K.L.:
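Mind having a look at this structure? Questions to follow.
First the proteins, then the strands, lettered A, B, ... as listed; each starts at 1. Because the structure is predicted, anything quoted here is derived from the model rather than measured.
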Amino acid sequence: MSDFNDAVYRNTFRHTSSHILAHAVKRLYPKTRLAIGPAIENGFYYDFDRAEPFAAEELNQIEDEMKKIVREHLAVERFELPRQEARKLMESQGEPYKVELIDDLPEDAIISFYRQGEFIDLCAGPHLENTGEIKAFKLTQVAGAYWRGNEKNKMLQRIYGTSFPDKQQLKEYLDQQEEARKRDHNKLGRELGFFTTVDYIGQGLPILLPKGARVIQLLQRFVEDEEERRGYLLTKTPFMAKSDLYKISGHWQHYREGMFILGDPEKADQEEVLALRPMTCPFQFQAYLTKTRSYRDLPIRYGETSTLFRNEASGEMHGLIRIRQFTISEGHLVCTPDQLEQEFRGCLDLAQYMLETLGLDDDVSYRFSKWDPADQEKFIGSAEQWDAVQNTMQKILDHMGLTYHVGIGEAAFYGPKLDIQIKNVFGKEDTLITIQIDFQLAERFEMEYTDKDGQKRHPYIIHRTSIGCYERTLALLIEKYAGALPFWIAPEQVRILPISEKHLEAASSLAALLRSEGFRTEIDSRDEKVGKKIREAQMDKLQYMLVIGDQEIEQGKIAVRSRKDGDLGAMPVSELIARLRQENDQRLH
RNA sequence: GCCUUUAUAGCUCAGUCGGUAGAGCGCAUCCAUGGUAAGGAUGAGGUCAUCGGUUCGAUUCCGAUUAAAGGCUCCA
């Protein structure tokens, strides 16, 4: 039962670790109040309420105190109390958060405590039997966290840590985290010159540098071409609209905080109020509304490479993952109820094809995002409507045999979603791709088609993206490939390294030839030793390095070195081009 | 938006217990040299994020602002 690979044992281990943390904090700072302290995926945390922030040095002191508690080999004992006595115990210890937890427990709940030495904590358990079992641990960071995860509540201080049965495993974990940091797109993407930020431009507004912009252009061409093959019609719609549009769509009522508004909404009767678009839907719908539609016209698939603006709260921006202006492969499919399943499948097939092509297909999970009936603020439509469309979507997902988990309250305000989730290099999950079924906006915008029986009906609308937003996708690609992007999408595919300055001319004509063949080629023209040039090309994560000197010029060949296969020796230029061409065509990584 | 931390040269970072700054890498020039992980010399580059306060004097201390990192909340 003490197998650390076993999730139950591991969580018990980490949970006991968090009690040791709380115990140490109470010994050092008795006035600190305790909130909660669970095990999490890679460790544990404990939330504390204390007037002063925990400084870095204090973290070291707490760790030292924890070591003492471990060395004391304290037995961890469970006991239960009736509600009133439990309250009294926690009140006597000055723990108002624990009292609140007890009050919120269901009437028939067993109220249990765990005691180690002089420390007692309200806790459902389970726990290890002795503090001495926690052989290796480390406190990793301090962060703020709202009591009970609600932003209206007090901000507590959360101390994160991790623990292992031995020092070796702890070291391996910390080393692994260190490696992950090296892949972090927010670090590597800046180092490699994909993007940068400027403080006087503002948060969440990255500058895509030539390399980043090139990758996004390549992705965009790929997406637009593939969508054209699949029957999509391209639109180009405005970046902003009058508030009137958003009032029809519901964004004005349900998404206003997320929008950049131009003009003063208070004076809407006197002056124009515009807003930058947070989504493309209401714009693209106008294309549908240009004429009357027959059931014979459906399905209609609209696609657009669409730049969106969302006024994210200031603390939410992160690298290229969460930004205020981004460009997404957006699209809306208008269809009859009969066509819904097939069109939905088509969207998923396209998304999966994209993921496969980028090599991200193994890293994703699927989430069926439903509404939260309790949240009237966020969603439009009746319970009956939601139930009906969620059932429809569930049937489609089940027909497809897709494995998914359910996210309550994660739906868009107008309908349920299938979200394709991906984890970044640190294990944090974000939505990469989303496919949504909308049963409400067609009615709001009076979108109709004439059915076989001559009746006007509202169509279903699928809101979907095929590759997600390009900035986020770029970020995930950088992390997935540690900056060494697959050849077909690499911003610099080939670098030519002349042995000395007198070979620059030969290098230039080779570069011109390769560029005319469509390969993204650069020359390292510095007067440096070739060993150094190769080293730097490797640091820049290049796939192909070509060395050119007297030998090559004499033999009419070129020395080729690839990231994947190492030194390939000298080959004729025609052979090199054939090789590069072949690799370029292998989009499926 | 909230909590914590941070901001010195293009990059990574020192430093001044308050007297306006330095290293390595990079860059430029010169010398040397063509061959697979760092040849040598010289030089240019900084309103020490911005604004304000304290002070004879602030890059340093204090405050505000802006931006960055990690969380929380929220979301593609």
K.L.:
For B:G26, does OP1 or OP2 lie under 4.0 Å from any side-chain N or O of A:K532?
P.N.:
yes
K.L.:
Between B:U55 and B:C72, how far is it from one C1' atom to the other, in whole Å?
P.N.:
41 Å
K.L.:
Check this one for me: any side-chain N or O of A:Q551 less than 4.0 Å away from OP1 or OP2 of B:G35?
P.N.:
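Looking at the OP1 and OP2 atoms of B:G35, neither is under 4.0 Å from any side-chain N or O of A:Q551.
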K.L.:
What nucleotide, of B:U73, B:U66, B:G35, holds the atom closest to the side chain of A:V547?
P.N.:
B:G35
K.L.:
Nearest-Å distance, CD (A:Q538) to P (B:A37)?
P.N.:
8 Å
K.L.:
Looking at B:U66, which nucleotide sits across from it as a Watson-Crick or G-U wobble partner, both distances under 3.5 angstrom, or is there none?
P.N.:
B:A7
K.L.:
For A:Y146 and A:H503, take the nucleotide of RNA chain B holding the closest heavy atom to each; which residue's nucleotide lies nearer the 5' end?
P.N.:
A:Y146
K.L.:
Can you tell me the base-pairing partner of B:U29? Count Watson-Crick or G-U wobble geometry only, both distances below 3.5 Å, and say none if there is no partner.
P.N.:
B:A41
K.L.:
Between A:K187 and B:U12, is there a side-chain N or O to OP1/OP2 distance below 4.0 Å?
P.N.:
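So the side-chain polar atoms of A:K187 never come under 4.0 Å of the phosphate oxygens OP1 or OP2 of B:U12.
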K.L.:
So what's B:C56 paired with, Watson-Crick or G-U wobble, going by both distances under 3.5 Å?
P.N.:
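Looking at the geometry, B:C56 pairs with B:G19.
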K.L.:
Any side-chain donor-acceptor pair under 3.5 Å between A:E100 and A:W147?
P.N.:
yes
K.L.:
Distance alone, cut at 3.5 Å: any donor-acceptor contact between the side chains of A:E330 and A:T280?
P.N.:
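Distance-only check passes for A:E330 and A:T280.
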K.L.:
Using a cut-off of less than 4.0 Å, is there contact between a side-chain N or O of A:R526 and OP1 or OP2 of B:C27?
P.N.:
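Affirmative; the distance criterion is met.
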K.L.:
If you compare every side-chain N and O of A:Y160 against the phosphate oxygens of B:C72 (OP1, OP2), does one of them come in below 4.0 Å?
P.N.:
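Checking B:C72 against A:Y160, a side-chain N or O does come within under 4.0 Å of OP1 or OP2.
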K.L.:
Does A:S314 place a side-chain N or O at less than 4.0 Å from the phosphate oxygens OP1/OP2 of B:G1?
P.N.:
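Result: yes.
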